[in-house]
Amino acid sequence: MMKASYVSFILGVGFTLVLAACSIALAKTSIISVWHISPLILGIVLSIAVAGVCSVFGLRIVDKWRSGVDFSGKKLLRLGIVLYGFFVSLADMQSVGFAGFGLAIGIVAGMLIAGFIIGVKMFRLDGELAILMSAGCAICGAAAVLALESALRTNAQKSAIAIGSVVVFGLLGMFAYPIVYSTGLLPFDQAQMGLYMGASLYEVANVVGASDVLGQEGANIALIEKMIRVALLAPVLFIVPFLFAKYGQGSGSKKLYIPYFALGFVAVVFLHSLVEIPAQIVQAMQFVCVLCLGAAMCALGLQIDLRAMRGTKVVFWFGLLLFVLVSALGFVGVLGLRTFG
């Protein structure tokens, strides 16, 4: 009996890691790479497709390998968030100055507060779903959704819906921003447009794809501003669960859960910033990070019930409103810095 449980665990973890490796490989192919689609997004799409094919033949992977899939969705996720610190450098963030920090803090705080209030009060959404969608928009896309899901201990279905919104509107922004910039409608130079992209686009991959039109200087500013928003994930993982526990938000009353993996993320950021680590080791840790987060995304995809996602039209409109709001907030912020900075 014990032996069978070990086999189930190993097969479940191994299967999600294989799917994650496949999504990373797909993201690097010439057909996919030009679209700058995150391997995390490809992972959830691939795993949903695999689960669908398996179900046709009466095979429920999650049921057979539950312990391993759950381990990938929780433990490997937290390891991936910790290692995400290898993508963030304090020295790089200093280059945009206090203005860049203030803009990022304003965007993240403003979107979380406004998104939660609008989602719950106007759209009558569940509080956990509203904050997950707002976090994906405000911080760093799918990775933020997964991290906050782990901190709040919400169910996987809510994360899947939030990630769906991140995918749709993240790609919309990635294609729309360069087009609008090229028309000359925005009163920004390359550096200011880079700041705007970094402050308001969802995924790191979205920022990389959109900022390609700006040249090296503008693209660097965009990526650095985005990384400041990524770094703000750590305090959000403490503040949001605390507020949810204090005010009884979410599905049922929950005790405060301290996401200690967020401290690991902060520790790795400081380690990466203050200690000279060989580039090969940093790159290896970044790969392990993406692999772990990809495995977590694949674990999520294997558990998604597509039938339960029908009738989510209100979620689409809320997601669209979040996209408009973050775009407007970023525009006003950069315009204010341009005028008064």
Side-chain angles (χ1 to χ4, degrees), residues 3-77 79-80 129 132-133 136 141-143 145-146 149-150 154-172 202-203 205 287-313 315-316 319:
K3 183 178 179 181
S5 65
Y6 278 128
V7 171
S8 172
F9 173 80
I10 293 171
L11 289 176
V13 174
F15 190 67
T16 56
L17 287 171
V18 168
L19 288 177
C22 290
S23 67
I24 293 172
L26 279 173
K28 293 182 178 181
T29 61
S30 57
I31 297 176
I32 303 295
S33 61
V34 295
W35 297 93
H36 298 281
I37 298 177
S38 166
L40 304 186
I41 303 303
L42 291 175
I44 195 170
V45 173
L46 179 61
S47 59
I48 290 173
V50 169
V53 172
C54 290
S55 65
V56 171
F57 295 96
L59 177 61
R60 283 278 299 168
I61 296 172
V62 175
D63 294 338
K64 291 177 67 69
W65 303 333
R66 169 71 64 181
S67 60
V69 173
D70 285 346
F71 181 87
S72 294
K74 295 175 182 178
K75 304 300 183 183
L76 290 187
L77 165 65
L79 176 59
L129 178 57
L132 287 175
M133 291 180 66
V145 174
L146 286 176
E149 177 218 321
S150 182
T154 64
N155 66 61
Q157 201 67 32
K158 293 177 184 177
S159 293
I161 294 171
I163 288 170
S165 175
V166 166
V167 172
V168 172
F169 295 106
L171 289 175
L172 174 62
Y202 291 20
E203 296 267 0
F287 174 79
V288 174
C289 166
V290 175
L291 185 64
C292 289
L293 291 178
M297 289 290 280
C298 292
L300 173 63
L302 292 173
Q303 299 177 69
I304 288 175
D305 182 1
L306 293 177
R307 292 171 297 180
M309 297 181 69
R310 294 173 183 172
T312 55
K313 187 182 297 185
V315 172
F316 172 82

| task | Measure from the side-chain N and O atoms of Asp63 to the backbone N and O of Arg66, and report whether any donor-acceptor pair falls under 3.5 Å. | result |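 Between the backbone of Arg66 and the side chain of Asp63 there is no qualifying donor-acceptor contact (under 3.5 Å).
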
Could you pull out all donor-acceptor pairs under 3.5 Å where a side-chain atom in residues 70-77 meets a protein atom, sequence neighbours excluded?
unit_1	atom_1	unit_2	atom_2	d
Ser72	OG	Thr16	OG1	2.6
Ser72	OG	Gly68	O	3.4

Show the atom names and distances, to 0.1 Å, of all donor-acceptor pairs under 3.5 Å that link a side chain in residues 40-56 to residues at least two apart or in another chain.
unit_1	atom_1	unit_2	atom_2	d
Ser47	OG	Gly43	O	3.0
Ser47	OG	Ile44	O	3.0
Ser47	OG	Cys298	O	3.4
Ser55	OG	Ala51	O	3.4
Ser55	OG	Gly52	O	2.6

| task | Could I get the full list of side chain to side chain donor-acceptor pair (under 3.5 Å) partners for Glu149, not counting sequence neighbours? | result |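 Glu149: side chain to side chain donor-acceptor pair (under 3.5 Å) contacts with Ser159.
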
| task | Quick one: closest heavy-atom pair of Leu146 and Ala296, and the distance? | result |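 Shortest heavy-atom separation between Leu146 and Ala296 comes out as CD1-CB, 4.5 Å.
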
| task | Write down the atom of Ser8, the atom of Trp65, and the distance for their closest heavy-atom approach. | result |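 So the two residues come closest at OG-CA, 3.3 Å.
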
| query | So Ile163 and Leu300, side chain to side chain contact (heavy atoms under 4.5 Å, CB included) or not? Walk me through it. | reply | CA-CA 10 Å; Ile163 288 170; Leu300 173 63; 3.4 Å; yes

| field | Phe316: partners by ring-ring contact (aromatic ring centres under 6.0 Å, His included), with sequence neighbours left out | value |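 Result, ring-ring contact (aromatic ring centres under 6.0 Å, His included) vs Phe316: Phe169.
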
| field | 4.5 Å side-chain heavy-atom contact, Phe15 and Leu302 | value |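 Yes; the side chains approach each other to less than 4.5 Å.
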
| query | Could you give all pairs that pass the ring-ring contact (aromatic ring centres under 6.0 Å, His included) test and reach residues 21-57, with sequence neighbours left out? | reply |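 Every ring-ring contact (aromatic ring centres under 6.0 Å, His included) pair that includes a residue of residues 21-57, provided the two are not neighbours, is Trp35-Phe175.
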
Hey, can you pull the donor-acceptor pairs under 3.5 Å for the side chains in residues 21-29, sequence neighbours left out?
unit_1	atom_1	unit_2	atom_2	d
Ser23	OG	Ala20	O	2.6
Ser23	OG	Pro39	O	3.3
Thr29	OG1	Leu26	O	2.6

| Roughly how far, to the nearest 0.5 Å, is OG of Ser165 from OH of Tyr202? |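 Between atom OH of Tyr202 and atom OG of Ser165 there are 5.5 Å.
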
